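Quick note: numbers below take in every heavy atom, side chains included, and nothing from hydrogens, waters or symmetry partners. Quick caveat: nothing in here was measured; it's all calculated off a predicted structure. In listed order, ligands and their atoms are each counted from 1.
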Amino acid sequence: MIGQMMQQPLQVSSLLRHAERHHGEQWVVSRRVEGDIHRYTYRDLARRARQLAKAMGALGVLPGQRVGTLAWNGYRHLELYYAVSGSGAVLHTLNPRLHVDQLVWIAEHAQDQVLCFDKTFLPIVEAVADRLKGVRHFVLMTDREHMPSESAIPHLLCYEELMAAQDDHFEWPALDENTASSLCYTSGTTGNPKGVLYSHRSTLLHTLASALPDSLNLSGRDTILPVVPMFHVNAWGLPYSACMVGAKLVFPGPGLDGKSLYELFESEGVTLSAGVPTVWQGLLSHVQAQGLRFSTMNRTVIGGSACPPSMMEMFEDTYGVQVIHAWGMTELSPIGTVGVLKAEQLAWPKEQRRAALAKQGRSPFGIDMKIIDAQGDELPWDGKSAGDLLVRGAWVVERYFGLDASPLENSWFPTGDVATIDAQGFMNITDRSKDVIKSGGEWIGSIDLENIAMAHPAVAMAACIAARHPKWDERPLLIVTLKPGAELSREAMLNFFEGRIAKWWTPDDVVFVDAIPLGATGKMLKHQLRDKFQNHLLPQG
Ligand code: AMP
């Protein structure tokens, strides 16, 4: 027997429709690339998203086609989120911090038809425009007044002009809820980045789960400032969940330093923010140095890499801000676990509560997880047994975009993280089975760096490992063996990276060794190197 309730497909456009009808007067405030503060309401957002959907149609964007963005967190980026996905096309957010060669590779792989970008990124786009063979239109996300008088990009389009040419008479089409809505590439540990293609359904279910009290605990009484970029995993879903609950949204644009963020927190009455630990380091040092307080912020979500317990304590004890420690992945849309205590844990002594909250947290409904040993057998949830972490759920990747091979193992997604799970269901990441390096919350591909080093004529073998760093959590450290009789200085090795990779990917130091340990199948045993050199970049003594 079939239930007799309405069939309402889960669609991204329904979030915007709800925000317009039920929270139409709520504010969206943005620090613009142009330098000023822009403010409008969800009603304005919805109207302009409809105009933009028509503008994309006028550019010839068809359902399913990809529209790329290279943009900061701001209202125009938000309009693209809704206009592109809502009309049945696919929003492809590109990470401007990647090396240009990777950007070109990703945009070409995704077959982006249109590229919309902030003025900050005009020089990058001008440099690569002729290599982006598939891109038919380049749109600068600004108004006529701020358009350059000339550009290396022929027929550079102006976002506000495209918008102004359309009225807002547009009905969001009814879509199958499994239609693709957005695309985000993750950096592969081997080879090229992989695309994760989210659907309307997965996005909506993730949105619902992420707002729950035991998740990010979002409500219409919140003012949310996502520091986490909209170009990486949809800013942890906040552009969707804020609309769903009717929260005020505040976008920092390019101003991600402690001072700029603090000013926005205070002037806009921000109650909740979200970002990687490195951002909070900058904010906390500013606040400490100036002797400031947070007058409205009461909680902050920290994830992307492990939140140091000292940071958690500082936020809570000194500033009265609750830290919500979350773990996720591009492949998980991204939320996998959130560190929120259960009722029984509230009665625990402070130190024990702290220790629980320093873990990565527990899964919301919709995500299931398990840890397994090398034989594939499930390990107990005793807080001690560490194994490979696997997950499954309605917002977990099934296949990568354009790749045939399934990443799943018996219908579970192997995360590449090694973890314990305790009796309360709190997961704790103890290690990463992948060898990538995470600097300030951003991946650095160790194999890419090794490949470059190996291209130097004096180098016999190179391993790049994550070394602990006081500011960036981790930075790449290069370990090199030289060919017999060859000579190479540290400086010459580091100079060799210039122009071959984004500058911030350059290793912080080079260590020359006689031999790099190899395993039985000829693979470098990087964990041995890490054991030996992981403190190499920390102050000695
Ligand atoms: P990405 O797909 O770039 O978001 O990276 C996902 C990876 O980041 C995970 O597989 C973890 O290795 C790491 N990660 C994310 N959140 C945390 C966290 N709270 N603690 C430790 N590692 C994390």
With heavy atoms and a 4.0 Å threshold, my read on which part of Gln360 contacts ligand 1 is side chain

At under 4.0 Å between heavy atoms, what of Ala326 touches ligand 1? The answer is backbone

Quick note on ligand 1: atoms under 4.0 Å from a heavy atom of Thr330 include exactly 1 (P), 2 (O), 3 (O), 4 (O)

side-chain hydrogen bond (donor to acceptor under 3.5 Å, both in side chains) filter on Ser385, not counting sequence neighbours, yields Asp382

Short version for Asp417: what comes under 4.0 Å of ligand 1, heavy atoms counted, is side chain

### Message
Counting the benzene-type ring for Trp, do Tyr185 and His109 have ring centres under 6.0 Å apart?
### Response
yes

Q) Hey, what's the ring geometry for Trp395 with His206, parallel, tilted or perpendicular (30° and 60° as the breaks)? A) perpendicular

Minimum side-chain heavy-atom gap His469-Asp508 below 4.5 Å: yes

Report yes or no: do Asn178 and His200 form a side-chain donor-acceptor pair below 3.5 Å? no

Atoms of ligand 1 under 4.0 Å from any heavy atom of Trp327, numbered from 1 in the order shown, are 9 (C), 11 (C), 14 (N), 15 (C), 16 (N), 17 (C), 19 (N), 23 (C)

For His232, the atoms of ligand 1 under 4.0 Å from one of its heavy atoms are 1 (P), 3 (O), 4 (O)

| said: Any atom of ligand 1 sitting under 4.0 Å from a heavy atom of Gly328? | reply: yes

Throw together a table of side-chain donor-acceptor distances under 3.5 angstrom for residues 224-236, partners on residues two or more places apart or in other chains.
unit_1	atom_1	unit_2	atom_2	d
Asn234	ND2	Ser182	OG	3.4

*Does at least one non-hydrogen atom of Gly304 fall below 4.0 angstrom from an atom of ligand 1?*
yes

